[in-house]
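The structure displayed is predicted, hence computed values, not measured ones.
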Number of protein chains: 4
Amino acid sequence: MDKPTTERHLRHWQRRKQARPAEILDAAMAVFAEKGFAAARMEDIALKAGVTKGTIYLYFPSKEEVFKSLAREQVGHSLILATEQAEKYEGSAFDFLKFFYARFFECVLQSDVAVLPKIIIGESGNFPELARFWREEVIEKATDMLSAVIAKAIARGEIRALPIDHIAKLAMAPVLMCLVWHTTFEKTSDRTFNYTEYLATQCDVFFKGLAPEGPTL
Amino acid sequence: MDKPTTERHLRHWQRRKQARPAEILDAAMAVFAEKGFAAARMEDIALKAGVTKGTIYLYFPSKEEVFKSLAREQVGHSLILATEQAEKYEGSAFDFLKFFYARFFECVLQSDVAVLPKIIIGESGNFPELARFWREEVIEKATDMLSAVIAKAIARGEIRALPIDHIAKLAMAPVLMCLVWHTTFEKTSDRTFNYTEYLATQCDVFFKGLAPEGPTL
Amino acid sequence: MDKPTTERHLRHWQRRKQARPAEILDAAMAVFAEKGFAAARMEDIALKAGVTKGTIYLYFPSKEEVFKSLAREQVGHSLILATEQAEKYEGSAFDFLKFFYARFFECVLQSDVAVLPKIIIGESGNFPELARFWREEVIEKATDMLSAVIAKAIARGEIRALPIDHIAKLAMAPVLMCLVWHTTFEKTSDRTFNYTEYLATQCDVFFKGLAPEGPTL
Amino acid sequence: MDKPTTERHLRHWQRRKQARPAEILDAAMAVFAEKGFAAARMEDIALKAGVTKGTIYLYFPSKEEVFKSLAREQVGHSLILATEQAEKYEGSAFDFLKFFYARFFECVLQSDVAVLPKIIIGESGNFPELARFWREEVIEKATDMLSAVIAKAIARGEIRALPIDHIAKLAMAPVLMCLVWHTTFEKTSDRTFNYTEYLATQCDVFFKGLAPEGPTL
DNA sequence: AATGAATGAGATTTCATTCAT
DNA sequence: GATGAATGAAATCTCATTCAT
């Protein structure tokens with residue numbers, strides 16, 4: 001995003017060639033989002049990518065690998081970067097969490113990425129390696145990132161000395177709730193779910209609950 | 001036809017007939033748990049139930065209906081009952097939530113029921129009616145139940161006047177986290193996740209966060 | 001029909017026992033009429049006969065045999081009897097044909113029997129023996145009967161000396177037309193087909209065509 | 001895409017693709033002819049067409065549609081053309097009928113087309129739309145064609161003023177007889193049935209019967 | 001004699017994958 | 001590099017037939 005130097009120097013045909021797999025992955029994301037893994041047909045993906053079935057097999061050895069690529073590659077962009085930011089973060093845990101929730105709302109809830117965890121949840125029985133990968137590369141990274149911030153906040157006396165892992169997972173639980181609601185129940189529901197306000201309430205309650213004495217605010 | 005119909009007079013195959021659907025549903029639950037809906041084969045279910053493929057079709061018209069039956073019937077037992085208890089509940093919201101979490105741990109996390117929401121999350125694209133059913137019959141029932149308790153607590157001044165629906169969904173978020181972890185990530189993880197302690201921490205933090213003034217405890 | 005003596009003396013239980021197969025055959029006729037052979041389900045037949053699938057197998061070794069029984073037994077009643085009458089018939093060929101058409105209308109078009117030839121036509125590939133049986137026992141018997149009457153009429157000079165077999169089959173062609181129309185096209189048609197008048201026109205035209213000189217009438 | 005598209009530039013598989021549906025329909029006709037609709041297996045059709053089961057589904061969505069295609073497409077070639085000829089026909093009704101019978105003998109009795117009406121008769125219960133289609137597109141077209149010729153002949157005084165629809169269906173009855181005999185009884189019969197002579201006799205008798213006064217010939 | 005639960009072979013249909021062009 | 005016709009294994013579902021009761 002803000003690293004234009006390398007990308008800009010790729011010659012045209014390289015970008016073309018490199019674009020193909022990305023186009024396929026985009027299409028695959030959309031189709032998996034709609035149908036889940038098993039019910040997604042290679043033909044649908046091909047159609048949406050503007051190629052034919054055969055072409056997909058030039059870039060990916062199987063449907064399963066298409067999915068794995070998706071799961072692997074879509075993660076770094078949204079998260080690994082965020083982790084780096086978190087590590088040098090020096091502000092209050094409270095501000096960090098607000099920022100974290102905001103980013104989640106922007107980058108996940110408002111894009112197709114949200115369907116990945118959904119599919120991993122649904123197909124973990126059939127793709128244990130993928131569940132493992134996701135846990136290690138996404139969940140634990142996110143947990144660690146949060147844990148680091150929390151640990152500093154405990155050290156500072158900003159929040160109570162409670163089990164750090166629990167705090168981190170409690171912080172993530174409403175995120176998971178939004179994700180599941182968005183991908184699974186939203187479209188059949190008429191009551192709307194205002195994710196932003198929900199997460200704001202969570203911030204309020206959660207930090208009041210974590211504060212050492214009286215309320216922090 | 002006009003023979004006595006008490007239990008002990010039922011002929012052998014009559015007893016089987018009554019037991020069959022339950023046997024099949026049990027087997028189906030196990031297979032769906034392992035494979036998800038799409039990858040589950042009727043033959044697997046039949047085998048596990050100790051019958052043949054054809055037999056399943058004597059009791060259920062299609063694989064989809066087997067699943068719907070599961071989703072429908074396994075819910076009432078765990079939840080609808082709980083709702084009634086909640087309605088006459090008069091104690092503190094705090095105690096109620098502790099009880100609610102405890103029941104969830106017993107009845108859901110320690111049985112196969114936990115796979116149902118997992119499958120519904122994974123297959124909601126293919127079974128929108130089922131997602132709707134689950135939302136209406138499970139999620140909203142549970143939310144309403146919690147909301148009632150919360151409303152009373154707010155009226156009593158036990159907890160702050162925050163949006164009731166948000167509070168209810170915040171209370172359920174850690175439950176969802178446990179569920180997803182248990183069904184999706186637990187078996188590939190080496191770090192253990194102590195659900196009971198996690199939910200205890202949640203109680204602590206959550207109620208401190210909801211308290212009107214200083215800490216309630 | 002006019003042989004009450006033997007039937008009347010059957011003891012009650014004999015008639016009961018003998019009634020079962022007949023009930024099944026009646027039901028089978030109705031179901032075959034509606035679905036054809038292949039699409040007819042034993043369960044449907046059983047249901048309509050007021051018994052269960054298993055019972056059918058007490059009386060018939062297979063679905064195929066049920067059908068063969070039908071084809072065999074329903075024929076004698078309508079035709080073999082008629083043949084005897086024809087042999088002693090001494091009137092004009094014209095009157096005989098009028099009578100023959102009238103009987104056909106009553107006994108075939110207004111009963112389910114009409115579906116048998118239909119099914120035999122449709123399934124002759126799968127049941128060659130049955131097609132053979134039907135040709136030998138029904139078509140050729142009918143042809144022979146007509147041929148005998150025609151031969152006498154030719155000898156008498158009532159009709160021209162044309163190939164007897166052709167005359168017989170020409171006499172039967174409109175019958176076949178009625179049969180096929182009735183069983184195949186009638187229910188999807190709005191234009192009505194008045195079989196009686198149609199056969200009257202046939203009598204008129206056919207006998208004028210067969211007359212030796214000028215018109216006979 | 002912008003390559004020349006003349007026949008000889010078509011690539012090999014393009015030529016196959018165009019030929020495929022016809023190959024499959026030919027095979028299907030043969031198999032349906034032998035087994036009827038229900039007993040015909042897609043595998044048999046595929047085998048006979050020199051492809052595999054799956055290939056059929058590239059061109060036809062179901063077995064039923066294969067059959068409908070057959071019924072629809074094989075009709076125009078034999079009949080619709082004939083109708084046009086009939087409309088401009090100005091000769092005697094007698095000559096027309098001779099011509100009609102001759103064409104029927106050539107185009108229907110000596111090809112597989114004859115099995116289509118047979119199957120429609122046999123399966124009309126299961127495919128009412130098809131029976132309707134056949135009646136409307138074949139039977140009524142043929143009837144109308146004959147009716148037009150007959151009406152002119154009545155106007156000219158060539159034949160008597162009898163109900164036109166009856167005359168038309170009487171003209172067709174021997175055709176139906178040939179058809180049924182050929183497809184159903186011929187192969188199990190030893191007495192041969194000379195269709196040409198049979199239809200010649202019909203011409204003789206039928207027109208003598210229709211003539212207004214004395215014989216027309 | 002009758003039942004009806006259970007069977008299992010066999011049918012249609014789908015779709016990931018291959019490969020000649 | 002791209003195509004898309006063809007494959008064939010596998011899945012769901014049906015139903016004639018059997019047999020313990």
Side-chain angles (χ1 to χ4, degrees), chain A residues 13 16-17 20 38-47 50-66, chain B residues 1 10-20 38-46 49-66, chain C residues 13 16-17 20 38-47 50-66, chain D residues 1 10-20 38-46 49-66:
Chain A
W13 58 263
R16 276 272 73 195
K17 215 174 170 183
R20 229 345 95 76
R41 287 153 67 244
M42 290 300 259
E43 182 124 41
D44 294 337
I45 296 173
L47 226 71
V51 296
T52 58
K53 270 186 296 181
T55 304
I56 300 180
Y57 286 88
L58 294 176
Y59 298 99
F60 303 93
S62 72
K63 181 173 158 184
E64 194 170 324
E65 284 303 323
V66 172
Chain B
M1 273 178 179
L10 290 174
R11 273 178 266 158
H12 180 58
W13 52 258
Q14 280 179 325
R15 259 182 278 128
R16 293 322 297 275
K17 178 167 165 68
Q18 290 194 328
R20 278 285 178 251
R41 287 155 62 241
M42 289 301 258
E43 183 131 35
D44 294 337
I45 296 173
V51 296
T52 59
K53 270 180 301 177
T55 302
I56 300 180
Y57 288 91
L58 294 177
Y59 299 98
F60 303 93
S62 68
K63 180 173 156 183
E64 192 169 326
E65 284 302 323
V66 172
Chain C
W13 58 263
R16 276 273 72 197
K17 217 177 177 182
R20 234 335 105 74
R41 288 153 66 244
M42 290 299 259
E43 180 125 40
D44 294 337
I45 297 173
L47 226 70
V51 297
T52 59
K53 271 186 295 181
T55 304
I56 300 180
Y57 287 89
L58 293 177
Y59 297 99
F60 303 94
S62 70
K63 180 174 159 184
E64 194 170 323
E65 284 303 323
V66 172
Chain D
M1 274 176 180
L10 289 175
R11 273 177 266 160
H12 179 58
W13 54 257
Q14 279 179 325
R15 258 181 280 125
R16 295 318 303 272
K17 178 169 164 68
Q18 291 194 328
R20 278 284 178 254
R41 287 155 62 240
M42 290 301 258
E43 182 131 37
D44 295 337
I45 297 173
V51 296
T52 57
K53 272 180 298 176
T55 302
I56 300 180
Y57 288 90
L58 294 176
Y59 299 98
F60 303 93
S62 69
K63 181 174 158 184
E64 191 168 328
E65 284 303 321
V66 172

| field | Separation of atom CZ in A:Phe60 from atom P in E:dT18, rounded to whole Å | value | 15 Å
| message | Closest-nucleotide mapping onto DNA chain F: is A:Val51 or D:Thr52 further toward the 5' terminus? I mean the 5' end. | response | A:Val51
| said: For residues 50-66 of chain B, which residue pairs pass the salt bridge (charged side-chain N to carboxylate O under 4.0 Å, His left out) check, not counting sequence neighbours? | reply: B:Glu64-B:Lys68, B:Glu65-B:Lys68, B:Glu65-B:Arg72
| remark: Note: B:Ile56 and B:Met42 closest approach over all heavy atoms is CD1-O, 3.6 Å
| message | Distance check needed: F:dT17 P versus C:Ile45 CD1, whole Å only. | response | 11 Å
| Nearest-Å distance, CD (C:Glu65) to P (F:dA16)? | 15 Å
| Atom pair CG/CZ of B:Leu58 and B:Arg20 - distance to nearest 0.5 Å | 9.5 Å
| Nearest-Å distance, CG (D:Leu58) to C1' (E:dT13)? | 12 Å
Output one line per pair: protein atom, nucleotide atom from nucleotides 14-16 of chain E, and distance, for all N/O pairs under 3.5 Å.
| residue | atom | partner | partner atom | Å |
| --- | --- | --- | --- | --- |
| E:dC15 | OP2 | A:Arg41 | NE | 3.0 |
| E:dA16 | OP1 | A:Ala40 | O | 3.2 |
| E:dA16 | OP1 | A:Lys63 | NZ | 3.2 |
| E:dA16 | OP2 | A:Met42 | N | 2.8 |

| field | Residue whose closest nucleotide on DNA chain E lies nearer the 5' end, B:Gly50 versus A:Glu64 | value | B:Gly50
| said: Dot-bracket for DNA chain E, please. Rules: Watson-Crick or G-U, both distances under 3.5 Å, ( ) within the strand, [ ] when a pair crosses earlier ones, | for another strand, . otherwise. | reply: .||||||||||||||||||||
| message | OP1 or OP2 of F:dG1 versus the side-chain N and O atoms of A:Tyr59: is any pair under 4.0 Å? | response | no
| request: Can you tell me the distance, in whole Å, between the CZ atom of A:Arg20 and the C1' atom of F:dT3? | output: 12 Å
| query | Just how far, in rounded Å, is C1' of E:dA1 from CD1 of C:Ile56? | reply | 15 Å
| message | Would you say that A:Leu47 contacts A:Asp44 through its side chain, given a criterion of any heavy-atom pair below 4.5 Å between the two side chains? | response | no
